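Structure first, then comments.
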There are 2 protein chains.
Amino acid sequence: MFDILRQHIENITSSTLSEEEALIIKNAFVQKSLRRRQFLLHEGTICKYMAFVTRGALRIYSIDDKGNEHIVRFALEGWWICDRESFSQLTPSQYNIDAIEDCDLLVSTNEQLNQMKQLSPTYMKFTSILDERHYAATHRRIQAYISYTGEERLRDLMNTYPQFLLRLPQNMIASYLGLTPETLSRVRKQLMEK
Amino acid sequence: MFDILRQHIENITSSTLSEEEALIIKNAFVQKSLRRRQFLLHEGTICKYMAFVTRGALRIYSIDDKGNEHIVRFALEGWWICDRESFSQLTPSQYNIDAIEDCDLLVSTNEQLNQMKQLSPTYMKFTSILDERHYAATHRRIQAYISYTGEERLRDLMNTYPQFLLRLPQNMIASYLGLTPETLSRVRKQLMEK
DNA sequence: TTGGAGGCTTGACAAATGTCAAGTAAAATT
DNA sequence: AATTTTACTTGACATTTGTCAAGCCTCCAA
(Lines give C-alpha, C1' and ligand atoms only; values in the text may rest on other atoms or scores of the structure.)
Protein backbone atom coordinates (compact mmCIF):
# COMPACT_ATOMS: atom_id res chain seq x y z
CA MET A 1 0.00 0.00 0.00
CA PHE A 2 2.93 2.26 0.67
CA ASP A 3 4.04 1.62 -2.91
CA ILE A 4 1.13 3.71 -4.16
CA LEU A 5 2.35 6.64 -2.10
CA ARG A 6 5.93 6.09 -3.10
CA GLN A 7 5.11 6.04 -6.76
CA HIS A 8 2.90 9.07 -6.32
CA ILE A 9 5.77 11.05 -4.78
CA GLU A 10 8.16 9.90 -7.49
CA ASN A 11 5.71 10.86 -10.23
CA ILE A 12 4.98 14.30 -8.88
CA THR A 13 8.60 15.19 -8.21
CA SER A 14 10.03 13.39 -11.28
CA SER A 15 12.64 11.89 -8.96
CA THR A 16 13.57 8.45 -7.74
CA LEU A 17 13.54 7.90 -4.00
CA SER A 18 16.58 6.21 -2.51
CA GLU A 19 15.75 3.20 -0.35
CA GLU A 20 16.83 5.21 2.65
CA GLU A 21 14.50 8.10 1.85
CA ALA A 22 11.67 5.70 1.04
CA LEU A 23 12.10 4.10 4.44
CA ILE A 24 12.01 7.43 6.23
CA ILE A 25 8.78 8.28 4.46
CA LYS A 26 7.27 4.86 5.00
CA ASN A 27 7.94 5.08 8.72
CA ALA A 28 6.23 8.42 8.98
CA PHE A 29 2.87 6.95 7.95
CA VAL A 30 0.43 4.59 9.58
CA GLN A 31 -2.16 2.59 7.71
CA LYS A 32 -5.77 3.30 8.53
CA SER A 33 -9.05 2.06 7.08
CA LEU A 34 -12.48 3.65 7.27
CA ARG A 35 -15.85 2.15 6.49
CA ARG A 36 -18.42 4.23 4.65
CA ARG A 37 -19.79 6.98 6.92
CA GLN A 38 -16.96 6.69 9.43
CA PHE A 39 -15.26 9.94 10.39
CA LEU A 40 -11.65 10.98 10.13
CA LEU A 41 -12.39 14.35 11.76
CA HIS A 42 -15.28 15.64 13.85
CA GLU A 43 -16.17 19.32 14.04
CA GLY A 44 -14.85 20.88 17.26
CA THR A 45 -11.87 18.54 17.57
CA ILE A 46 -8.32 19.08 16.39
CA CYS A 47 -7.37 17.54 13.07
CA LYS A 48 -4.53 15.21 14.03
CA TYR A 49 -4.00 13.45 10.74
CA MET A 50 -3.01 14.31 7.21
CA ALA A 51 -4.34 11.45 5.11
CA PHE A 52 -3.27 10.10 1.73
CA VAL A 53 -6.04 8.12 0.05
CA THR A 54 -5.01 4.79 -1.49
CA ARG A 55 -8.59 3.53 -1.95
CA GLY A 56 -12.03 5.06 -1.64
CA ALA A 57 -13.45 8.58 -1.43
CA LEU A 58 -13.84 11.14 1.34
CA ARG A 59 -15.23 14.62 1.74
CA ILE A 60 -14.58 17.58 4.01
CA TYR A 61 -17.63 19.65 4.88
CA SER A 62 -19.13 22.07 7.38
CA ILE A 63 -22.63 22.32 8.77
CA ASP A 64 -24.36 25.72 8.93
CA ASP A 65 -26.91 27.14 11.39
CA LYS A 66 -29.80 25.64 9.45
CA GLY A 67 -28.19 22.21 9.49
CA ASN A 68 -27.18 22.21 5.83
CA GLU A 69 -23.97 20.49 4.83
CA HIS A 70 -21.48 22.36 2.65
CA ILE A 71 -18.83 20.23 0.99
CA VAL A 72 -15.58 22.11 0.53
CA ARG A 73 -13.57 19.40 -1.13
CA PHE A 74 -13.49 15.74 -2.11
CA ALA A 75 -10.55 13.34 -2.00
CA LEU A 76 -10.24 10.23 -4.18
CA GLU A 77 -7.33 7.80 -4.65
CA GLY A 78 -4.03 9.61 -4.86
CA TRP A 79 -5.37 12.74 -3.13
CA TRP A 80 -4.65 14.17 0.30
CA ILE A 81 -7.13 15.34 2.83
CA CYS A 82 -7.10 17.16 6.16
CA ASP A 83 -8.24 20.48 7.64
CA ARG A 84 -4.90 22.11 7.30
CA GLU A 85 -5.69 25.12 9.44
CA SER A 86 -6.61 22.94 12.40
CA PHE A 87 -3.80 20.51 11.63
CA SER A 88 -0.97 23.01 11.63
CA GLN A 89 -2.25 25.47 14.21
CA LEU A 90 -3.82 22.95 16.57
CA THR A 91 -7.10 24.83 16.67
CA PRO A 92 -10.52 23.09 16.85
CA SER A 93 -11.83 22.44 13.37
CA GLN A 94 -15.13 23.73 11.97
CA TYR A 95 -15.15 20.87 9.52
CA ASN A 96 -16.01 17.20 9.36
CA ILE A 97 -14.20 14.65 7.25
CA ASP A 98 -15.92 11.36 6.57
CA ALA A 99 -15.74 8.44 4.18
CA ILE A 100 -18.14 8.43 1.21
CA GLU A 101 -16.97 4.89 0.38
CA ASP A 102 -14.87 2.38 2.30
CA CYS A 103 -11.36 3.79 2.36
CA ASP A 104 -7.74 2.85 2.86
CA LEU A 105 -5.56 5.68 4.07
CA LEU A 106 -1.98 6.39 5.00
CA VAL A 107 -2.01 8.95 7.78
CA SER A 108 0.71 11.04 9.35
CA THR A 109 0.97 13.71 12.04
CA ASN A 110 2.23 17.26 11.76
CA GLU A 111 5.46 16.47 13.65
CA GLN A 112 6.19 13.53 11.42
CA LEU A 113 5.60 15.58 8.29
CA ASN A 114 7.87 18.36 9.49
CA GLN A 115 10.55 15.86 10.38
CA MET A 116 10.25 14.29 6.95
CA LYS A 117 10.70 17.65 5.30
CA GLN A 118 13.96 18.01 7.23
CA LEU A 119 15.18 14.54 6.38
CA SER A 120 14.09 14.12 2.79
CA PRO A 121 14.73 16.81 0.16
CA THR A 122 12.51 14.90 -2.24
CA TYR A 123 9.64 14.95 0.21
CA MET A 124 10.24 18.67 0.72
CA LYS A 125 10.06 19.22 -3.01
CA PHE A 126 6.93 17.09 -3.14
CA THR A 127 5.08 19.19 -0.57
CA SER A 128 5.99 22.45 -2.22
CA ILE A 129 4.72 21.19 -5.58
CA LEU A 130 1.49 20.10 -3.92
CA ASP A 131 1.15 23.48 -2.23
CA GLU A 132 1.52 25.23 -5.57
CA ARG A 133 -1.08 22.99 -7.15
CA HIS A 134 -3.46 23.49 -4.32
CA TYR A 135 -2.97 27.21 -4.56
CA ALA A 136 -3.84 27.15 -8.26
CA ALA A 137 -6.85 24.89 -7.74
CA THR A 138 -8.41 27.02 -5.00
CA HIS A 139 -7.81 30.14 -7.06
CA ARG A 140 -9.67 28.57 -9.94
CA ARG A 141 -12.46 27.55 -7.65
CA ILE A 142 -12.93 31.05 -6.22
CA GLN A 143 -12.81 32.36 -9.76
CA ALA A 144 -15.60 29.97 -10.72
CA TYR A 145 -17.82 31.12 -7.87
CA ILE A 146 -17.48 34.82 -8.51
CA SER A 147 -17.91 34.49 -12.27
CA TYR A 148 -20.09 31.53 -13.13
CA THR A 149 -23.73 30.54 -12.87
CA GLY A 150 -24.66 27.08 -11.61
CA GLU A 151 -24.77 25.66 -15.13
CA GLU A 152 -21.34 27.05 -15.95
CA ARG A 153 -19.88 25.66 -12.73
CA LEU A 154 -21.28 22.24 -13.56
CA ARG A 155 -19.79 22.37 -17.05
CA ASP A 156 -16.49 23.43 -15.51
CA LEU A 157 -16.65 20.47 -13.12
CA MET A 158 -17.37 18.11 -16.03
CA ASN A 159 -14.17 19.29 -17.68
CA THR A 160 -11.98 19.41 -14.59
CA TYR A 161 -13.09 16.38 -12.60
CA PRO A 162 -15.37 14.18 -14.72
CA GLN A 163 -14.74 11.28 -12.30
CA PHE A 164 -16.75 13.13 -9.66
CA LEU A 165 -19.94 12.96 -11.69
CA LEU A 166 -19.66 9.25 -12.28
CA ARG A 167 -18.73 8.31 -8.80
CA LEU A 168 -20.22 10.71 -6.27
CA PRO A 169 -23.91 11.14 -5.40
CA GLN A 170 -25.75 14.10 -6.92
CA ASN A 171 -26.60 15.69 -3.61
CA MET A 172 -22.91 15.88 -2.75
CA ILE A 173 -22.02 17.28 -6.16
CA ALA A 174 -24.74 19.88 -5.62
CA SER A 175 -23.31 20.83 -2.24
CA TYR A 176 -19.81 21.08 -3.71
CA LEU A 177 -21.10 23.39 -6.44
CA GLY A 178 -22.99 25.53 -3.95
CA LEU A 179 -26.41 24.52 -5.30
CA THR A 180 -29.39 22.66 -3.89
CA PRO A 181 -29.99 19.11 -5.19
CA GLU A 182 -33.17 20.35 -6.88
CA THR A 183 -31.36 23.07 -8.77
CA LEU A 184 -28.58 20.72 -9.82
CA SER A 185 -31.15 18.26 -11.12
CA ARG A 186 -32.73 20.97 -13.27
CA VAL A 187 -29.44 22.38 -14.47
CA ARG A 188 -28.31 18.89 -15.52
CA LYS A 189 -31.50 18.45 -17.48
CA GLN A 190 -31.03 21.77 -19.27
CA LEU A 191 -27.48 20.83 -20.12
CA MET A 192 -28.58 17.45 -21.53
CA GLU A 193 -31.05 19.13 -23.83
CA LYS A 194 -28.31 21.13 -25.54
CA MET B 1 11.10 51.09 2.90
CA PHE B 2 12.78 47.75 3.38
CA ASP B 3 12.33 48.25 7.13
CA ILE B 4 8.58 47.69 6.69
CA LEU B 5 9.24 44.32 5.10
CA ARG B 6 11.88 43.43 7.67
CA GLN B 7 9.59 44.19 10.55
CA HIS B 8 6.78 42.32 8.82
CA ILE B 9 8.93 39.20 8.55
CA GLU B 10 10.05 39.52 12.15
CA ASN B 11 6.49 39.95 13.38
CA ILE B 12 5.12 37.01 11.48
CA THR B 13 7.91 34.62 12.41
CA SER B 14 8.39 35.96 15.97
CA SER B 15 12.11 36.00 15.26
CA THR B 16 14.82 38.60 14.97
CA LEU B 17 16.73 38.72 11.68
CA SER B 18 20.50 38.84 11.92
CA GLU B 19 22.07 41.69 9.95
CA GLU B 20 23.44 39.13 7.56
CA GLU B 21 20.03 37.57 6.91
CA ALA B 22 18.44 40.98 6.62
CA LEU B 23 20.96 41.91 3.98
CA ILE B 24 20.32 38.76 1.98
CA ILE B 25 16.63 39.50 2.00
CA LYS B 26 17.08 43.17 1.23
CA ASN B 27 19.21 42.32 -1.80
CA ALA B 28 16.59 39.99 -3.17
CA PHE B 29 14.08 42.81 -3.60
CA VAL B 30 13.86 45.81 -5.88
CA GLN B 31 11.80 48.88 -5.17
CA LYS B 32 9.02 49.67 -7.61
CA SER B 33 6.29 52.29 -7.65
CA LEU B 34 3.00 52.28 -9.54
CA ARG B 35 0.60 55.14 -10.20
CA ARG B 36 -3.12 54.54 -9.95
CA ARG B 37 -4.31 52.38 -12.89
CA GLN B 38 -0.82 51.19 -13.81
CA PHE B 39 -0.38 47.45 -14.25
CA LEU B 40 1.93 45.02 -12.50
CA LEU B 41 0.68 42.13 -14.66
CA HIS B 42 -1.18 41.95 -17.96
CA GLU B 43 -3.32 38.97 -18.95
CA GLY B 44 -1.46 36.68 -21.37
CA THR B 45 1.99 37.53 -20.04
CA ILE B 46 4.04 35.67 -17.46
CA CYS B 47 3.93 36.99 -13.91
CA LYS B 48 7.56 37.82 -13.23
CA TYR B 49 7.22 39.52 -9.87
CA MET B 50 6.07 38.69 -6.41
CA ALA B 51 5.24 42.04 -4.82
CA PHE B 52 5.12 43.16 -1.20
CA VAL B 53 3.00 46.27 -0.74
CA THR B 54 4.48 49.01 1.45
CA ARG B 55 1.97 51.67 0.40
CA GLY B 56 -1.23 51.69 -1.61
CA ALA B 57 -3.72 49.09 -2.82
CA LEU B 58 -3.84 46.65 -5.74
CA ARG B 59 -6.21 44.06 -7.11
CA ILE B 60 -5.88 40.88 -9.15
CA TYR B 61 -8.75 40.19 -11.52
CA SER B 62 -9.80 38.37 -14.67
CA ILE B 63 -12.05 39.48 -17.49
CA ASP B 64 -14.74 37.12 -18.80
CA ASP B 65 -16.24 36.64 -22.28
CA LYS B 66 -18.77 39.40 -21.69
CA GLY B 67 -16.06 41.83 -20.64
CA ASN B 68 -16.93 41.76 -16.95
CA GLU B 69 -14.12 42.07 -14.42
CA HIS B 70 -13.92 39.57 -11.58
CA ILE B 71 -11.69 40.57 -8.67
CA VAL B 72 -10.12 37.55 -7.01
CA ARG B 73 -8.15 39.32 -4.33
CA PHE B 74 -7.03 42.71 -3.02
CA ALA B 75 -3.67 43.64 -1.53
CA LEU B 76 -3.12 46.52 0.88
CA GLU B 77 -0.02 47.56 2.87
CA GLY B 78 1.74 44.55 4.34
CA TRP B 79 0.17 42.12 1.86
CA TRP B 80 1.68 40.19 -1.00
CA ILE B 81 0.39 39.91 -4.50
CA CYS B 82 1.17 37.92 -7.65
CA ASP B 83 -0.42 35.24 -9.83
CA ARG B 84 1.38 32.42 -8.20
CA GLU B 85 0.47 29.81 -10.78
CA SER B 86 2.00 31.86 -13.58
CA PHE B 87 4.86 32.96 -11.36
CA SER B 88 6.06 29.53 -10.36
CA GLN B 89 5.19 27.58 -13.48
CA LEU B 90 6.07 30.29 -16.00
CA THR B 91 2.73 29.95 -17.79
CA PRO B 92 0.84 32.92 -19.29
CA SER B 93 -1.49 34.41 -16.73
CA GLN B 94 -5.26 34.75 -17.12
CA TYR B 95 -5.19 37.60 -14.64
CA ASN B 96 -4.43 41.28 -14.48
CA ILE B 97 -2.91 43.05 -11.51
CA ASP B 98 -3.22 46.82 -11.32
CA ALA B 99 -2.96 49.61 -8.80
CA ILE B 100 -6.17 50.92 -7.24
CA GLU B 101 -4.17 53.71 -5.59
CA ASP B 102 -0.59 54.94 -6.08
CA CYS B 103 1.63 52.17 -4.70
CA ASP B 104 5.10 51.46 -3.40
CA LEU B 105 6.19 47.87 -3.81
CA LEU B 106 9.15 45.64 -3.10
CA VAL B 107 9.33 43.06 -5.87
CA SER B 108 11.32 39.88 -6.26
CA THR B 109 11.64 37.09 -8.83
CA ASN B 110 11.04 33.38 -8.41
CA GLU B 111 14.75 32.57 -8.54
CA GLN B 112 15.54 35.13 -5.90
CA LEU B 113 12.81 33.85 -3.64
CA ASN B 114 14.00 30.27 -3.98
CA GLN B 115 17.55 31.33 -3.28
CA MET B 116 16.41 33.21 -0.21
CA LYS B 117 14.64 30.15 1.10
CA GLN B 118 17.94 28.28 0.80
CA LEU B 119 19.96 30.99 2.50
CA SER B 120 17.64 32.21 5.23
CA PRO B 121 15.85 29.76 7.54
CA THR B 122 13.80 32.65 8.89
CA TYR B 123 12.62 33.55 5.42
CA MET B 124 11.78 29.89 4.84
CA LYS B 125 9.74 29.84 8.02
CA PHE B 126 8.08 33.08 6.94
CA THR B 127 6.93 31.70 3.61
CA SER B 128 5.54 28.54 5.11
CA ILE B 129 3.55 30.55 7.66
CA LEU B 130 2.19 32.71 4.85
CA ASP B 131 1.28 29.63 2.85
CA GLU B 132 -0.65 28.24 5.78
CA ARG B 133 -2.48 31.50 6.23
CA HIS B 134 -3.28 31.75 2.60
CA TYR B 135 -4.54 28.20 2.63
CA ALA B 136 -6.88 28.99 5.51
CA ALA B 137 -8.09 32.25 3.94
CA THR B 138 -8.95 30.69 0.58
CA HIS B 139 -10.70 27.83 2.35
CA ARG B 140 -12.84 30.33 4.23
CA ARG B 141 -13.57 32.17 1.03
CA ILE B 142 -14.75 29.05 -0.80
CA GLN B 143 -16.78 28.19 2.25
CA ALA B 144 -18.44 31.61 2.09
CA TYR B 145 -19.39 31.18 -1.54
CA ILE B 146 -20.94 27.76 -1.21
CA SER B 147 -22.83 28.62 1.98
CA TYR B 148 -23.75 32.28 2.05
CA THR B 149 -26.09 34.66 0.26
CA GLY B 150 -24.82 38.04 -0.90
CA GLU B 151 -25.92 39.72 2.32
CA GLU B 152 -24.16 37.12 4.44
CA ARG B 153 -20.97 37.44 2.40
CA LEU B 154 -21.04 41.20 2.90
CA ARG B 155 -21.50 40.78 6.64
CA ASP B 156 -18.62 38.31 6.63
CA LEU B 157 -16.45 40.83 4.79
CA MET B 158 -17.36 43.53 7.31
CA ASN B 159 -16.07 41.28 10.08
CA THR B 160 -12.99 39.98 8.30
CA TYR B 161 -11.71 42.99 6.37
CA PRO B 162 -13.56 46.13 7.49
CA GLN B 163 -10.76 48.25 5.93
CA PHE B 164 -11.93 47.16 2.49
CA LEU B 165 -15.30 48.84 2.89
CA LEU B 166 -13.81 52.15 3.94
CA ARG B 167 -11.11 52.25 1.37
CA LEU B 168 -12.13 50.48 -1.81
CA PRO B 169 -14.85 51.56 -4.28
CA GLN B 170 -18.22 49.80 -4.07
CA ASN B 171 -18.05 48.39 -7.57
CA MET B 172 -14.83 46.59 -6.70
CA ILE B 173 -16.24 45.30 -3.43
CA ALA B 174 -19.20 44.02 -5.43
CA SER B 175 -16.94 42.23 -7.89
CA TYR B 176 -14.94 40.70 -5.03
CA LEU B 177 -18.15 39.41 -3.45
CA GLY B 178 -19.40 38.02 -6.75
CA LEU B 179 -22.30 40.49 -6.96
CA THR B 180 -23.24 43.31 -9.34
CA PRO B 181 -22.84 46.88 -8.05
CA GLU B 182 -26.64 47.24 -8.10
CA THR B 183 -27.17 44.18 -5.94
CA LEU B 184 -24.47 45.26 -3.49
CA SER B 185 -26.08 48.66 -3.21
CA ARG B 186 -29.44 47.08 -2.34
CA VAL B 187 -27.95 44.55 0.04
CA ARG B 188 -26.10 47.33 1.88
CA LYS B 189 -29.33 49.24 2.24
CA GLN B 190 -31.15 46.21 3.65
CA LEU B 191 -28.31 45.65 6.10
CA MET B 192 -28.42 49.29 7.26
CA GLU B 193 -32.12 49.03 7.99
CA LYS B 194 -31.57 46.23 10.48
C1' DT C 1 -16.08 77.74 -13.46
C1' DT C 2 -17.92 74.31 -16.11
C1' DG C 3 -18.57 70.07 -18.43
C1' DG C 4 -17.77 65.48 -18.60
C1' DA C 5 -16.72 60.86 -16.74
C1' DG C 6 -17.31 57.62 -13.50
C1' DG C 7 -19.40 55.84 -9.39
C1' DC C 8 -23.56 55.10 -6.76
C1' DT C 9 -28.54 54.55 -6.28
C1' DT C 10 -33.23 53.38 -7.62
C1' DG C 11 -37.11 51.39 -10.36
C1' DA C 12 -39.09 47.88 -13.32
C1' DC C 13 -38.69 43.68 -14.97
C1' DA C 14 -36.22 39.09 -16.16
C1' DA C 15 -33.55 35.17 -14.98
C1' DA C 16 -31.52 32.12 -11.64
C1' DT C 17 -31.90 29.71 -7.57
C1' DG C 18 -34.18 28.21 -3.28
C1' DT C 19 -38.07 26.08 -0.67
C1' DC C 20 -41.62 22.98 0.15
C1' DA C 21 -44.29 19.11 -1.10
C1' DA C 22 -45.18 15.04 -3.61
C1' DG C 23 -44.04 11.17 -6.21
C1' DT C 24 -40.75 7.84 -8.12
C1' DA C 25 -36.43 5.34 -8.42
C1' DA C 26 -32.58 3.30 -6.38
C1' DA C 27 -30.00 1.33 -2.73
C1' DA C 28 -29.28 -0.57 1.75
C1' DT C 29 -30.87 -3.66 5.34
C1' DT C 30 -33.39 -7.27 7.09
C1' DA D 1 -37.27 -11.10 -1.76
C1' DA D 2 -39.39 -7.73 1.01
C1' DT D 3 -39.00 -3.66 3.50
C1' DT D 4 -37.18 0.49 4.71
C1' DT D 5 -34.47 4.23 3.93
C1' DT D 6 -32.27 7.39 1.02
C1' DA D 7 -31.57 9.70 -3.34
C1' DC D 8 -33.41 11.89 -7.27
C1' DT D 9 -36.90 14.36 -9.97
C1' DT D 10 -40.71 17.45 -10.81
C1' DG D 11 -44.18 21.14 -10.00
C1' DA D 12 -45.66 25.44 -7.89
C1' DC D 13 -44.30 29.30 -5.85
C1' DA D 14 -40.97 32.58 -3.17
C1' DT D 15 -36.64 34.84 -2.86
C1' DT D 16 -32.41 36.40 -4.57
C1' DT D 17 -29.77 38.30 -7.98
C1' DG D 18 -29.04 40.22 -12.63
C1' DT D 19 -30.08 43.54 -16.44
C1' DC D 20 -31.21 47.73 -18.39
C1' DA D 21 -32.35 52.46 -18.05
C1' DA D 22 -32.47 56.72 -15.75
C1' DG D 23 -31.03 60.12 -12.48
C1' DC D 24 -27.97 62.06 -9.03
C1' DC D 25 -23.62 63.17 -7.11
C1' DT D 26 -18.68 63.98 -6.86
C1' DC D 27 -14.34 64.75 -8.53
C1' DC D 28 -11.15 66.08 -11.85
C1' DA D 29 -9.48 68.31 -15.94
C1' DA D 30 -9.95 71.75 -19.40
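These figures come from a predicted structure and were not determined experimentally. In what follows, chains are A, B, ... by sequence order, proteins preceding strands, each numbered from 1.
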Item to check | Partners meeting ring-ring contact (aromatic ring centres under 6.0 Å, His included) with B:Phe87 (sequence neighbours left out) | outcome: none
Item to check | A:Asp98: salt bridge (charged side-chain N to carboxylate O under 4.0 Å, His left out) partners, not counting sequence neighbours | outcome: A:Arg59
Item to check | Spacing of B:Tyr148 atom OH relative to D:dT17 atom P, expressed in whole Å | outcome: 14 Å
Checklist entry - What does the inter-axis angle of the helix from C:dT1-D:dA30 to C:dT30-D:dA1 come out as, five pairs per end, nearest 10 degrees? => result 50°
Item to check | Spacing of CD belonging to A:Glu21 relative to OG belonging to A:Ser120, to within rounding of 0.5 Å | outcome: 3.5 Å
Next on the checklist: Taking any heavy-atom pair under 4.0 Å as a contact, classify A:Leu179: base, sugar-phosphate, or nothing.
Outcome noted: sugar-phosphate
Checklist entry - For A:Lys48, does the NZ atom sit with more than 12 other heavy atoms under 6.0 Å from it, leaving out its own atoms? => result no
Item to check | Reading 5' to 3' through nucleotides 10-15 of chain C, protein heavy-atom contacts under 4.0 Å coded B for base, S for sugar-phosphate only, - for none | outcome: BBB---
Item to check | Atom pair distance, as rounded to whole Å: CD1 in A:Ile173 and P in D:dT9 | outcome: 12 Å
Checklist entry - Looking only at atom types and distance, does a side-chain atom of A:Ser88 sit under 3.5 Å from a main-chain N or O of A:Arg84, one as donor and one as acceptor? => result yes
Item to check | Interatomic distance, B:Arg36 CZ vs C:dG6 P [rounded to whole Å] | outcome: 11 Å
Checklist entry - Would you call the rings of A:Phe29 and A:Trp80 parallel, tilted or perpendicular if under 30° counts as parallel and over 60° as perpendicular? => result tilted
Next on the checklist: Would you say that more than 12 heavy atoms from the other residues, nucleotides or ligands in this model lie under 6.0 Å from the CD of A:Glu152, or not?
Outcome noted: yes
Checklist entry - So with a 6.0 Å cut-off around CZ of A:Arg55, is the heavy-atom count from everything else above 12? => result yes
Item to check | Integer-rounded Å distance: C:dG18 C1' and A:Leu177 CG | outcome: 15 Å
Checklist entry - Does any residue of residues 164-171 of chain A have a heavy atom under 4.0 Å from DNA chain D, and if so, which ones, in number order? => result A:Pro169, A:Gln170, A:Asn171
Item to check | Interatomic distance where NZ belongs to B:Lys66 and C1' belongs to D:dG18 [whole Å] | outcome: 10 Å
Checklist entry - With clusters built from Ile, Leu, Val, Met, Phe, Trp and Tyr whose side-chain heavy atoms come within less than 4.5 Å, directly or transitively, what are the remaining members of the cluster of A:Phe39, listed by chain and number? => result A:Tyr61, A:Ile63, A:Ile71, A:Phe74, A:Leu76, A:Trp79, A:Ile100, A:Leu154, A:Leu157, A:Met158, A:Tyr161, A:Phe164, A:Leu165, A:Leu168, A:Met172, A:Ile173, A:Tyr176, A:Leu177, A:Leu179, A:Leu184, A:Val187, A:Leu191
Item to check | D:dG18 OP1/OP2 closer than 4.0 Å to side-chain N/O of B:Thr180 | outcome: yes
Checklist entry - What's the CD-P distance between B:Gln190 and D:dT17, to the nearest Å? => result 8 Å
Checklist entry - CE of A:Met172 versus P of D:dT6: gap in Å, rounded? => result 13 Å
Checklist entry - C:dA16 P sits how many Å from A:Leu184 CG, rounded? => result 16 Å
Checklist entry - Quick check: does any side chain N or O of B:Ser147 sit under 3.5 Å from a backbone N or O of B:Ala144, one acting as donor and the other as acceptor? => result no
Checklist entry - Just how far is it from atom CG of A:Asn68 to atom CD1 of B:Ile146, taken to the nearest 0.5 Å? => result 11.5 Å
